[in-house]
There are 2 protein chains.
Amino acid sequence: MTTPPRRATRQQAAVADMLGQHETFRSAQEWHALLRAAGDPVGLATVYRTLQSLAEAGEVDVLRTDAGETLYRACSAAHHHHLLCRECGFTVEVDGPAVEAWATAVASAHGFALPRHTVEVTGLCPRCAPATSPGVTTSPE
Amino acid sequence: MTTPPRRATRQQAAVADMLGQHETFRSAQEWHALLRAAGDPVGLATVYRTLQSLAEAGEVDVLRTDAGETLYRACSAAHHHHLLCRECGFTVEVDGPAVEAWATAVASAHGFALPRHTVEVTGLCPRCAPATSPGVTTSPE
DNA sequence: ACTCCACATGAGAATGATTCTCATTATTGG
DNA sequence: CCAATAATGAGAATCATTCTCATGTGGAGT
């Protein structure tokens, strides 16, 4: 009832398969292009629909870029967060038991039910980190 | 040099003022409507521009809704996070020293520079919390 | 295996938030 | 007060995402 029936189609399999073959976050449009390039064409609208379903099912991670694009990526069932490079998009999965606990505590402390949280840490990965001399404007603010 | 000159205009003052008068998160379009209603008309484009500048200056908090809208709200200079009700939009500001530390630690542990983070906790506030009997599907997963 | 039909698909139109263009207006240093 | 130039605003343009609806197809039933 809460889980409407979903038919098994070639398109959905193609999307799921492609997601499984790449470990990076990509926009729906990029996944669409990849599928087309792989000779497994799937309509853009279908890619969007499938990606959303998978996201709801918790089978893909969703990320919003500052530019407003939504990125998707296959994910391990386990809950985790991301450390993302602002330059090249390189990602590292990290988990933070402390954060989970904190979020839950904060929510209940204010009487909020069914807490859920979003945690993203961004920075410049080792490769993109500026070779700036160690005396520049590292000043907080 | 890094801070391009900025002229003082009535419009920018109007936006900043309006932000100071309301404590809620609103989209650029909503702020625009409010300004117009207040008899202090400011072009929509200008509202967007001003809001972005203020955001970059760290004077307003920015929030992305699932619908893809960007919400803005005046903020206290201090860094903090939000506890947001998914139903009514009610927000509570919270800070989490533990989270800050964790984020910084995770970043440097992976060699990431200039860490920055996003943390949002959502849930159902006391008023919106379902009056569901305490035996329903509270089961995780 | 064959049929039927509700759900899935896809091409393109529609939507909607945000950004851009550029002529006009207004701030500020001199 | 004047000129140089940044800021403004109306509407066009952009762009990701969603919707529309005619057509295709899983898969349960026969």
Side-chain angles (χ1 to χ4, degrees), chain A residues 1-19 24-57 59-73 84 89, chain B residues 1-19 24-57 59-73 89 118:
Chain A
M1 197 186 294
T2 43
T3 309
R6 176 151 279 270
R7 288 185 184 172
T9 66
R10 175 186 69 70
Q11 291 86 343
Q12 287 174 29
V15 173
D17 192 54
M18 187 59 78
L19 281 166
T24 44
F25 272 102
R26 291 169 197 275
S27 67
Q29 312 235 14
E30 288 174 321
W31 286 116
H32 174 247
L34 270 182
L35 287 163
R36 162 183 296 212
D40 235 342
V42 176
L44 181 57
T46 301
V47 172
Y48 272 105
R49 281 188 288 238
T50 304
L51 247 19
Q52 287 178 343
S53 298
L54 290 173
E56 278 169 30
E59 293 180 39
V60 300
D61 280 335
V62 179
L63 203 57
R64 285 286 176 113
T65 69
D66 291 334
E69 282 181 319
T70 306
L71 306 182
Y72 304 86
R73 169 184 149 168
L84 171 73
Chain B
M1 196 187 294
T2 42
T3 308
R6 174 155 281 273
R7 287 185 184 171
T9 65
R10 176 188 66 73
Q11 291 84 342
Q12 286 173 31
V15 173
D17 190 55
M18 187 58 78
L19 280 165
T24 42
F25 272 102
R26 291 169 197 274
S27 67
Q29 314 236 13
E30 288 173 322
W31 285 117
H32 174 247
L34 270 181
L35 286 162
R36 162 183 297 211
D40 235 342
V42 176
L44 181 56
T46 300
V47 172
Y48 272 105
R49 281 186 291 238
T50 304
L51 248 19
Q52 288 177 342
S53 299
L54 291 173
E56 278 169 31
E59 293 179 39
V60 300
D61 281 333
V62 180
L63 202 58
R64 285 285 176 113
T65 69
D66 291 334
E69 282 182 320
T70 306
L71 306 183
Y72 304 85
R73 169 184 148 167
T118 308

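A note on names: the letters A, B, ... follow the listed sequences, proteins ahead of strands, and every chain is numbered from 1.
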Heavy-atom closest contact (A/A28 atom, A/V47 atom, distance) = O-CG1, 3.6 Å

OP1 or OP2 of C/dT19 less than 4.0 angstrom from a side-chain nitrogen or oxygen of B/Q52, does that happen here?
-> yes

Any B/H32 side-chain heavy atom under 4.5 Å of B/T46 side chain | no

How about A/R26 and A/L34: do any of their side-chain heavy atoms sit closer than 4.5 Å?
-> yes

Answer yes or no: does a side-chain N or O of A/Y48 lie under 4.0 Å from OP1 or OP2 of D/dT18?
-> no

Please write out the pairs of protein N or O atoms and N or O atoms of nucleotides 12-15 of chain D separated by less than 3.5 Å, giving the distance to one decimal.
none

Euclidean distance, atom CD of residue B/Q11 to atom P of C/dT24 [Å, nearest integer] | 18 Å

Review item, nucleotides 21-26 of chain D N/O atoms under 3.5 Å of protein N/O:
unit_1: D/dG26; atom_1: N2; unit_2: A/R7; atom_2: NH2; d: 3.3

Check whether any side-chain N or O of B/T70 sits under 4.0 Å from OP1 or OP2 of C/dA17, and answer yes or no.
-> no

With a 4.5 Å limit on heavy-atom distance, are the side chains of A/Q52 and A/V62 in contact?
-> no

Judged by atom type as modelled, is there a donor-acceptor pair below 3.5 Å linking the side chain of B/R64 to the main-chain atoms of A/D66?
-> yes

For the atom pair CG (B/L51) and OG1 (B/T70), what is the distance rounded to the nearest 0.5 Å?
-> 9.5 Å

Given D/dA7, is OP1 or OP2 found less than 4.0 Å from the side-chain N or O atoms of B/T46?
-> no

Describe the nucleic acid contact of B/E30 in one word from base, sugar-phosphate, nothing, applying a heavy-atom distance below 4.0 Å.
-> nothing

When you measure from the side chain of B/E56 to the backbone N and O of B/S53, does any donor-acceptor pair fall under 3.5 Å?
-> no

How bent is the helix from C/dA1-D/dT30 to C/dG30-D/dC1, comparing axes over its five end pairs at each side, to the nearest 10°?
-> 40°

Side chains of A/V15 and A/W31 in contact at under 4.5 Å (non-hydrogen atoms) = no

Shortest non-hydrogen pair, A/Q12 vs A/R7, comes out as OE1-O, 3.3 Å

Do you know which two heavy atoms are closest between B/A38 and B/M18, and how far apart they sit?
-> CB-CE, 3.6 Å

Validation row: B/D61, B/F25 side chains within 4.5 angstrom (heavy atoms) | yes

